[in-house]
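Take this structure first; my questions come after.
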There are 2 protein chains.
Amino acid sequence: MTKSSRSRAGSVARRSSCPVACSLDLLGDRWTLLIARDLFRGLTRYGEFLAGPEGIPTNILADRLVRLEQAGLIKREPYQSNPPRHAYTLTPKGSDLKPVLGALAGWAMRHMPRVQADKELAAALRS
Amino acid sequence: MTKSSRSRAGSVARRSSCPVACSLDLLGDRWTLLIARDLFRGLTRYGEFLAGPEGIPTNILADRLVRLEQAGLIKREPYQSNPPRHAYTLTPKGSDLKPVLGALAGWAMRHMPRVQADKELAAALRS
DNA sequence: ACGTGTGACTTGCATAAAGCAAGTAACGTG
DNA sequence: CACGTTACTTGCTTTATGCAAGTCACACGT
């Protein structure tokens, strides 16, 4: 992230033309889909994401927000100018990740021990 | 991976009790779900995974196969004893990832340019 | 019996990403 | 005008990724 970094409708290196591989090129890491989850729950501000129970490191959050914006999954809009503050929200492309999050959550509920069902989240992912 | 490593019904560190976070603790990286994809397509042997178009490094493949087995998503069974060779197949827990792969593939088809629809894979994920 | 080949890994090392702590900038509030 | 808040950056250490090469067990041809 040398200079502006908040530019370029970005596509990073793509490993193959397989749809699963392409999705994972963008979403396949420990944090990206967790930020998406928070957006589905209605969070919009940097500090809100940072405060989540998983404790995402601040530099990684900043990096992922830039990437997600470059990829067109979220948009960043000022909600006040003074001091300048921005709200992050899902674009249609980002909102369409709902089935992915829903499937991941459903799988964990069925197969992983000691996961906590979150009614609010479940509702947001069902909608 | 110091000694045996193919033991322990493993659970690694869990960041929170959120179902999405728990899934991503296990599946949230660039390769794990790609191996799952290959398994859904019917591949079973080490060399077959290695030969995929994405070119997974051999040490990472070995590591992920151990993790997936420890997590109970796949099982490793000898299909001949001489030389000893093993086949990797999905357990029910692993097969239940189908909606996750399906959602990822569907999202990429709808939103990413130049992805190649794979009829064989689509059929396996629909089934 | 002996060299060649193949499948399934392991090991060593370089590079890249993740994670932590601390720092900065712009403002609002007492 | 010192102090707290929000939203980030920067620097540095640790962990993970990726590449190349090596190993091991056996099958096969000669």
Side-chain angles (χ1 to χ4, degrees), chain A residues 1-6 10 12-16 21 24-35 38-39 43-70 74 76-89, chain B residues 1-6 12-16 21 24-35 38-39 43-70 74-89:
Chain A
M1 294 297 157
T2 313
K3 32 185 186 179
S4 94
S5 90
R6 214 176 297 275
V12 226
R14 183 169 297 194
R15 286 173 291 178
S16 80
L24 292 176
D25 284 336
L26 183 61
L27 308 169
D29 76 319
R30 288 165 58 76
W31 294 109
T32 303
L33 286 172
L34 233 44
I35 296 171
D38 286 348
L39 287 159
L43 306 190
T44 60
R45 302 210 321 269
Y46 193 92
E48 294 178 322
F49 303 130
L50 216 51
E54 290 86 11
I56 184 171
T58 177
N59 54 342
I60 293 185
L61 175 58
D63 176 73
R64 293 303 124 90
L65 288 172
V66 170
R67 281 199 213 185
L68 284 171
E69 194 195 359
Q70 287 180 348
I74 63 175
R76 178 175 176 270
E77 286 179 310
Y79 65 92
Q80 70 177 39
S81 52
N82 201 317
R85 290 293 134 89
H86 301 88
Y88 298 92
T89 53
Chain B
M1 295 297 157
T2 313
K3 32 184 187 181
S4 93
S5 88
R6 213 177 298 275
V12 228
R14 182 169 297 196
R15 287 173 291 178
S16 79
L24 292 176
D25 285 335
L26 183 62
L27 309 169
D29 77 320
R30 288 165 58 77
W31 295 110
T32 303
L33 286 172
L34 233 44
I35 297 171
D38 286 349
L39 287 159
L43 307 190
T44 59
R45 303 212 319 271
Y46 192 92
E48 294 178 322
F49 303 130
L50 217 50
E54 290 86 11
I56 183 171
T58 177
N59 55 341
I60 293 186
L61 175 58
D63 175 73
R64 292 302 125 90
L65 288 173
V66 170
R67 282 199 212 184
L68 284 171
E69 194 195 359
Q70 288 180 348
I74 63 175
K75 64 176 175 308
R76 177 174 178 271
E77 286 179 311
Y79 66 93
Q80 69 177 38
S81 52
N82 203 315
R85 288 294 135 91
H86 301 89
Y88 298 92
T89 53

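Residue numbers begin at 1 in each chain, while the letters A, B, ... track the order of the sequences. Basis for what follows: all heavy atoms, side chains included, without hydrogens, waters or symmetry-related copies.
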Strictly under 3.5 Å: I want the nitrogen or oxygen pairs between protein and nucleotides 22-27 of chain C, one per line.
from   : atom 1 : to      : atom 2 : distance (Å)
C:dC27 : O3'    : A:Asn82 : OD1    : 3.2

statement: In terms of heavy-atom contacts, B:Leu65 and B:Ile74 come closest through O-CD1, 3.6 Å

query: Roughly how far apart are B:Leu68 CG and B:Lys75 NZ, rounded to 0.5 Å?
result: 13.5 Å

task: Ignoring backbone atoms, establish whether B:Arg45 has a side-chain N or O less than 4.0 Å from OP1 or OP2 of C:dG7.
output: no

message: Could you work out, with side-chain contact (heavy atoms from CB on, under 4.5 Å) as the rule, every residue matching A:Pro84, not counting sequence neighbours?
response: none

Nearest-Å distance for atom pair CG/P, residues B:Leu34 and D:dT17: 14 Å

Anything under 3.5 Å between a protein N or O and an N or O of nucleotides 16-19 of chain C, put it in a table, one pair a line.
from   : atom 1 : to      : atom 2 : distance (Å)
C:dA18 : OP1    : A:Arg64 : NH2    : 3.4
C:dA18 : OP2    : A:Arg64 : NH2    : 2.4
C:dG19 : OP1    : A:Arg30 : NE     : 3.4
C:dG19 : OP2    : A:Trp31 : NE1    : 2.4
C:dG19 : N7     : A:Asn59 : ND2    : 3.3

message: How many whole angstroms separate atom NE2 of A:His86 from atom C1' of D:dC8?
response: 12 Å

- line: By side-chain contact (heavy atoms from CB on, under 4.5 Å), A:Arg76 pairs with (sequence neighbours left out) A:Arg6, A:Glu69, A:His86, A:Tyr88

message: So, using salt bridge (charged side-chain N to carboxylate O under 4.0 Å, His left out) as the criterion, who are the partners of B:Asp29 when residues are at least two apart?
response: B:Arg64

- prompt: If you take all heavy atoms of A:Tyr79 and A:Ala87, which pair is closest and at what distance?
  reply: CD2-N, 3.5 Å

query: When the distance from CD of B:Glu77 to P of C:dA8 is rounded to whole Å, what number comes out?
result: 16 Å

query: If only side-chain N and O atoms of A:Tyr79 are considered, is one of them under 4.0 Å from the OP1 or OP2 phosphate oxygen of D:dA7?
result: yes

Listed pairs, N/O of protein and of nucleotides 28-30 of chain D, under 3.5 Å:
none

- prompt: Could you state the CG-P distance from B:Leu50 to D:dG18, rounded to the nearest angstrom?
  reply: 13 Å

task: Find the distance B:Ile56:CD1 to C:dA8:C1' and express it as a whole number of Å.
output: 14 Å

task: Give, for atom OG1 of B:Thr32 and atom CG of B:Leu27, the distance between the pair rounded to the nearest 0.5 Å.
output: 6.5 Å

task: Looking only at non-hydrogen atoms, find the nearest pair between B:Asp25 and B:Arg14 and report the distance.
output: OD2-CA, 3.3 Å

- prompt: Are any of A:Arg76's side-chain N or O atoms less than 4.0 Å away from OP1 or OP2 of D:dC8?
  reply: yes

message: For a quick check of understanding: with a heavy-atom distance under 4.0 Å over all strands, which category does A:Tyr88 fall into, base, sugar-phosphate or nothing?
response: sugar-phosphate

- prompt: Between atom CG in B:Leu61 and atom P in C:dG7, what is the gap in whole Å?
  reply: 14 Å

Under the side-chain contact (heavy atoms from CB on, under 4.5 Å) test, residues paired with A:Pro57 that sit two or more places apart: A:Trp31, A:Asn59, A:Ile60

- request: Using atom CD of B:Gln80 as one end and atom C1' of D:dA27 as the other, report the distance to the nearest whole Å.
  value: 10 Å

Give every donor-acceptor pair under 3.5 Å between a side-chain atom in residues 47-56 of chain B and any protein atom, sequence neighbours left out.
from    : atom 1 : to      : atom 2 : distance (Å)
B:Glu48 : OE1    : B:Thr44 : N      : 2.8
B:Glu48 : OE1    : B:Arg45 : N      : 2.9
B:Glu54 : OE1    : B:Arg37 : NH2    : 2.9
B:Glu54 : OE2    : A:Ser16 : OG     : 2.6
B:Glu54 : OE2    : B:Arg37 : NH1    : 2.8

- prompt: Would B:Leu39 and B:Ile35 satisfy side chain to side chain contact (heavy atoms under 4.5 Å, CB included), going step by step from the backbone distance to the final call?
  reply: CA-CA 6 Å; B:Leu39 287 159; B:Ile35 297 171; 4.2 Å; yes

